[in-house]
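Chain A is the first sequence line, chain B the second, and so forth, proteins listed ahead of strands; every chain is numbered from 1. Every heavy atom of this structure was used, including side-chain atoms; hydrogens, water molecules and symmetry mates were not.
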Number of protein chains: 2
Amino acid sequence: MKSSAEIKTTILETAGRLFYSQGYNSTGINQVIDEAGIARASLYNHFKSKSDLLYAYLEELDEKWFDQLHVQIDKIKDPKEKIIGLFEFRLKRQANSQYAGCPFIKVSAEVPADDSKAFELINKNKMKFKQLIEQLVQDIPAHAQLSTAELADTLYMLIEGATVTAAFQKNKSMMTAAKSIAAKLLG
Amino acid sequence: MKSSAEIKTTILETAGRLFYSQGYNSTGINQVIDEAGIARASLYNHFKSKSDLLYAYLEELDEKWFDQLHVQIDKIKDPKEKIIGLFEFRLKRQANSQYAGCPFIKVSAEVPADDSKAFELINKNKMKFKQLIEQLVQDIPAHAQLSTAELADTLYMLIEGATVTAAFQKNKSMMTAAKSIAAKLLG
DNA sequence: TTTAAGATAGACAAGTCTGTCTATCTATTT
DNA sequence: AAATAGATAGACAGACTTGTCTATCTTAAA
């Protein structure tokens, strides 16, 4: 028998993998139980509903996501290169997932309009990412046409726009275009 | 009794409204039948499966979408203002749908990864939109940092990035920011 | 006027969904 | 050693899913 903590981890890993690759609505509790190899009651002991499992997934993903991002960019010193590293991080994630798209955006498109908790968690992740961009842009010298805040907004939207596009084009072309545009905007 | 053509129109209207507001996976054939007020066999007479109904919805939406866009921007003469009109078109659509997001992106996030037909239809719509931007940018005089193609890409990603963000923020702030950035980039 | 297409209502199959419940077993804590 | 927490398997309810089928009715064309 596995321990309580191990079970919770296994459930979250399995559910996260399935939610991302198949979609939240297309993934049934039964499949999570089967693939996690745990008992039905164990899942409902740790999570009171499927929605609760979704929220836990989003929270856990937020942590993991930034952890992995920092592993990639913390070693970079040059501020401009650090920002370019954000694009490379997304490029890497896309290739690894075979262009499954951003997991947060996917959930955003799937949950009903009144699931404010889901939208809050998604917004929290995205605004944290935007704030990181804003911080990094502070260290960049004056820009021709755009204010610092506008440059940060532009970089954020380049990344998000390229990510959704990659999700249906199933290739990296838009993100590499975004990256080279960013390099030019950063001067 | 309604005519065959009327029925098909009613089905598409009803399915489209429900697919967009509730999501494709969360909308059952039974609900479409009930709300359209038609017989079950009539639906399966016009569309051989739920997937087929989705494809017809995407094709019809593509037409309607560009029709509405052209109603808004064809009267504008100034090339820069025409491009700003694209942002205003999206702003209007978002407000009208209470920030339900882009219907194409929503489907892109919901369908299984092997539904290449859906991804093709979505890509067709988005690339047509991007090509329109590219045409409009041709008429804009030289830009400081970016090439014509890069400016078009940037505008496209600003709009798409702002749209997905609006879908979870449920407000227009990101799209208005994108619009004023676009105005600056256009000089 | 006969024929044929396509509308109608509704039963049905075979499966899925979420969440609850019982009953039993095991491991840890008191 | 007894008690408790939490694991297990699996039945179950009740609703929902897509797609097919029968049987009847209405309209339009031949």
Residue mapping more 5' on DNA chain C - nearest nucleotide basis, A:A41 or A:I29: A:I29
Closest-nucleotide 5' rank along DNA chain C - winner of A:T27 and B:I38: B:I38
A:Y44 OH to D:dG6 P, straight-line distance once rounded to whole Å: 19 Å
Spacing of B:L18 atom CG relative to D:dC16 atom P, expressed in whole Å: 15 Å
Separation of atom CD in B:E6 from atom C1' in D:dT27, rounded to whole Å: 13 Å
From C:dA7, D:dA9, D:dA7, nucleotide with atom closest to B:S4 side chain: C:dA7
Nucleotide C:dG6, atom P - distance to CG of B:L43 in whole Å: 15 Å
Atom-to-atom span, CD of B:Q31 to C1' of D:dA15 - whole angstrom: 15 Å
Rounded distance in Å - CD1 (B:I33) to P (D:dT20): 12 Å
Step-by-step ring pair (Phe, Tyr, Trp, His ring centres under 6.0 Å) determination, B:F119 to A:F168: CA-CA 5 Å; B:F119 289 118; A:F168 57 78; 7.9 Å; no
B:L146 side chain near A:K184 side chain, heavy-atom distance below 4.5 Å: yes
Phosphate OP1/OP2 of C:dA7: any B:H46 side-chain N/O under 4.0 Å: yes
N or O in side chain of B:N30 less than 4.0 angstrom from D:dC16 OP1/OP2: no
Rounded interatomic separation in angstrom, taking CG from B:L53 and P from D:dG19: 10 Å
Base of C:dG10 paired with side chain of B:R40 (donor-acceptor, under 3.5 Å): no
B:S42 vs C:dT8: side-chain N/O to OP1/OP2 distance below 4.0 Å: yes
Closest to the B:A39 side chain, choosing from C:dT18, C:dA7, C:dT8: C:dT8
Selection from C:dG6, C:dT20, D:dT8 that lies nearest to any side-chain heavy atom of A:I7: D:dT8
Parallel, tilted or perpendicular: rings of A:F129 and A:F66 (30°, 60°): tilted
Atom pair distance, as rounded to whole Å: CZ in A:F47 and P in D:dA7: 11 Å
Rounded distance [0.5 Å steps], CG in A:L61 versus CG in A:L54: 10.5 Å
Shared hydrophobic cluster, A:I76 / A:L186 (ILVMFWY, side-chain heavy atoms < 4.5 Å): no
